[in-house]
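Presented below is the structure to which this report refers.
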Amino acid sequence: MKILVCISNVPDTTTKIKFAEGNNSIDTTGIQWVINPWDELSLTRALELKDDAVNGIKAVTVIHVGTAASEPTIRKALAIGADDAIRVNAVSSDAWFVAYQIAEVAKKEQFDLIICGIESSDFNGSAVGGMISEFLGIPSVSAVSSIKFENGQPVMIREIDGGKEVVTVPAPFVAIVQKGIAKEPRIAAMRGIMIARSKPVKLIEPVAVDPLTQIVELEKPAPRAACKFVDADNPVQLLDLLQNEAKVI
Amino acid sequence: MSVLVYTENWDGKFKKFSFELVSYATGVAKMLNTVVTAVSIGKVDESELSKLGNYGATKIISINNEQLAVFDSQSYTSVIAEISVIENASVIIISNNNTGKAIAPRLSVRLKAGLGSGISRLPLSLEPFTVYKRTYSGNAFAHLVIRSDIKILTLAQNSFELVETPANAIIENLNPSVDGSLLKTVLKDVQKQSGKVLLTDADIVVSGGRGMKSPDNWPPLVELATLLGAATACSRPVSDEGWRPHEEHTGQTGKIIAPNLYIAVGISGATQHLAGISSSKYIVAINSDKDAPIFQAAQYGIVGDAMKVLPKLVEAVKEIRK
């Protein structure tokens, strides 16, 4: 069995976002780039599954659509434990474009399981995983918080409004995962970092396809009014404000 | 032409979010000078279906097919795609919850329709079709142009006010063909949460962080939530420590919520936490550190030890509720 983990390269989650000139992209000066948090958990879970020999997983491959600037993030994924990587050499213009490229690769390489994070922390689109599955015409299970194999069959927990469902689908399929899928992201050890340098990164040129969407402007969220402080011994005053000023209780 | 809105039901009932979706669809339809068709899949009786008409849907298509009893992203996509073609839909509105996130991207590919997700306002313009979208986990909002003929938008919960627009809705029962070979999802078990206010539905949320010091200190927080009819939530360290279940984790990698009131108790307000709660209409912070970043996000604050403030707050709520 082969697993493909899709990774996105995003600004570190503590980054203070500033806009570049033109206000339609971010100023990347000084930004630390990391593996999208959900994708890091996906990779961790894929490696945990591979560690258990019973599952018979031969390889965990990571794929990324991006320019050479994303190389450090790909190397990090390899250092964490991915066996090899594929980079589609293109600017990731929108979810449609990215999913199209990944699906094209997946058609040729025949993965049994494709794992995607439920969203990226930059674009927050929740789109790529579902799109890949539809391009490939294979099942997808979304909001997966647990995945394991029982007698070769995938068993997943998916979160629904007000509960959980335990489901299975036949392979090949796409699992779109959320928090809970792995406890904590696996951290690269020194040995992993050394080995990562010699692991293969296959470079693929993109298929020509037009994106369907485009960000034309970014704006900051509206600033909030300054905080009104209430004395710790007088919570009644807080309730009065919530009742009569904010009118929320 | 029409605007199509998919309205999910929960055990045959709609909830406020369903009506937000129809209200939003009606707003978009007005801009486009067209009508709203709502699609419901599952066993929902006529009186419940007709409620969708109160918010402006003029046609309600109800599909009650046993084959669709288990949610399967591929077959639901097929059914909604088929109806969107029949209804000549130019815009399709779906929820931004887990169901919507499972359907919308598949539908996007099926119809070659650009997707705008996590939308919180009516389109900014029609030519070009531009929507207002949350990005960078709430640290920025994008004006996103969708260039395809058909557009799919997923609406963020609690972001759009209900607008009553009574319409004489016609209810049409439809039984579209379901390709059995697409029904791939097998349901093995269901675990429903019962008797609790759902975090994503709640108007008020009371949330605890590391400042609560121990899982044993939660009873007054839960009591406050119960008194206010609120849901309980927590910060990431709290769920990582196993003090509270991970379903309660609000923040960038947890749940993104937008209640009317969010009460943060003993939460310092790291960027990642604020990413999950910044759309709350009002934020109250209770924290012993007056310099905690949560006070930058809050409108009301109390500087004090959570364990001392909470019991007093509980008593005060009891007092005003008498």
Side-chain angles (χ1 to χ4, degrees), chain A residues 13-14 17 26 37-38 95-96 118 121-131 133-135 139-143 155 159-170 179-180 212-221 224-225 227-230 232-233 235-236 238-239 241-242 246 248-249, chain B residues 10 73-74 97-98 101-102 105-106 108-110 114-115 117-118 134-148 184-193 198 200 228 246 249 252-254 260-261 271-272 278 282 295 297-304 309 312-313 316-317 320:
Chain A
T13 50
T14 55
I17 298 296
I26 59 162
W38 291 270
W96 172 274
I118 195 159
S121 60
D122 54 357
F123 197 65
N124 306 114
S126 297
V128 171
M131 285 180 176
S133 62
E134 187 65 29
F135 278 126
S140 58
V141 180
S142 200
V155 177
E159 310 257 330
I160 54 171
D161 278 6
K164 298 170 185 191
E165 291 181 339
V166 182
V167 298
T168 179
V169 292
K179 169 147 172 115
L212 299 183
T213 63
Q214 184 192 356
I215 291 177
V216 292
E217 193 179 328
L218 288 170
E219 59 179 74
K220 287 272 174 194
R224 285 181 177 269
C227 186
K228 280 187 190 173
F229 285 95
V230 172
D233 293 320
V236 175
L238 174 67
L239 297 179
L241 288 165
L242 293 176
V248 286
I249 61 168
Chain B
W10 291 265
S73 57
Q74 236 171 335
N97 67 1
N98 285 342
K101 286 175 185 174
R106 295 202 75 127
S108 163
V109 169
R110 188 72 64 95
L115 171 63
S117 39
R134 179 178 179 273
T135 52
Y136 294 97
S137 300
N139 290 310
F141 287 84
H143 297 195
L144 182 80
V145 171
I146 305 179
R147 301 205 190 279
S148 49
K184 297 283 176 60
T185 309
V186 178
L187 184 65
K188 297 171 73 105
D189 194 17
V190 186
Q191 300 149 12
K192 288 240 167 101
Q193 200 186 50
L198 277 189
T200 44
L228 295 172
H246 82 82
H249 167 204
Q252 187 173 51
T253 53
N260 290 336
L261 174 61
T271 317
Q272 295 94 328
S278 59
Y282 286 91
F295 289 119
Q299 285 80 58
Y300 304 113
I302 293 180
V303 179
V309 177
K312 285 182 198 161
L313 199 52
V317 174
I320 61 162

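Each chain gets a letter, A, B and so on, in the order its sequence line appears, and its residues count up from 1.
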Beyond-backbone contact of [X] with [Y], side-chain heavy atoms, under 4.5 angstrom:
X	Y	value
B/S137	A/N124	yes
A/L239	B/L313	yes
A/W38	B/T253	yes
B/D189	A/K164	no

For the [atom1] atom of [X] and the [atom2] atom of [Y], what is their distance to the nearest 0.5 Å?
X	Y	atom1	atom2	value
A/D161	B/N98	CG	CG	6.5 Å
A/E134	B/S73	CD	OG	8.5 Å
B/Y136	A/I26	OH	CD1	4.0 Å
B/K188	A/E165	NZ	CD	13.5 Å

Where does [X] contact chain B at under 4.5 Å (heavy atoms): side chain, backbone, both or neither?
X	answer
A/L218	both
A/L238	side chain
A/A95	neither

Pick one of side chain, backbone, both or neither for [X], based on which atoms fall under 4.5 Å of a heavy atom in chain A.
X	result
B/Q252	both
B/N97	side chain
B/L144	both
B/L228	side chain

Quick one: which of [options] has the most heavy-atom pairs under 4.5 Å with chain B, could you say?
options	result
A/I17, A/I215, A/T168, A/V167	A/T168
A/A143, A/S133, A/P37	A/S133
A/A246, A/P170, A/G180	A/A246
A/G130, A/G129, A/G163	A/G130

Closest contact, heavy atoms only, [X] versus [Y]:
X	Y	result
A/V248	B/Y282	CG1-CD1, 3.7 Å
A/S140	B/R106	OG-NH1, 2.8 Å
A/K179	B/G254	CD-CA, 4.4 Å
A/C227	B/G301	SG-N, 3.4 Å
B/L115	A/T213	O-CG2, 3.8 Å
A/A232	B/V309	CB-CG2, 4.2 Å

I'd like to verify something: which residue of [options] has the highest number of heavy-atom pairs under 4.5 Å with chain A?
options	result
B/T271, B/V190, B/T185, B/N260	B/T185
B/V145, B/N139, B/L187	B/V145
B/S278, B/G304, B/A102, B/A142	B/A142

For this session: Might you confirm whether atom NZ of A/K220 has over 12 heavy atoms from other residues, nucleotides or ligands at distances under 6.0 Å?
Result: yes
Problem set entry | Those residues that, when tested against B/Y300, pass ring-ring contact (aromatic ring centres under 6.0 Å, His included) (two or more places apart) | none
Exercise. Looking at residues at least two apart in the chain, or sitting in another chain, which of them share a side chain to side chain donor-acceptor pair (under 3.5 Å) with A/E159?
Worked result: A/S145
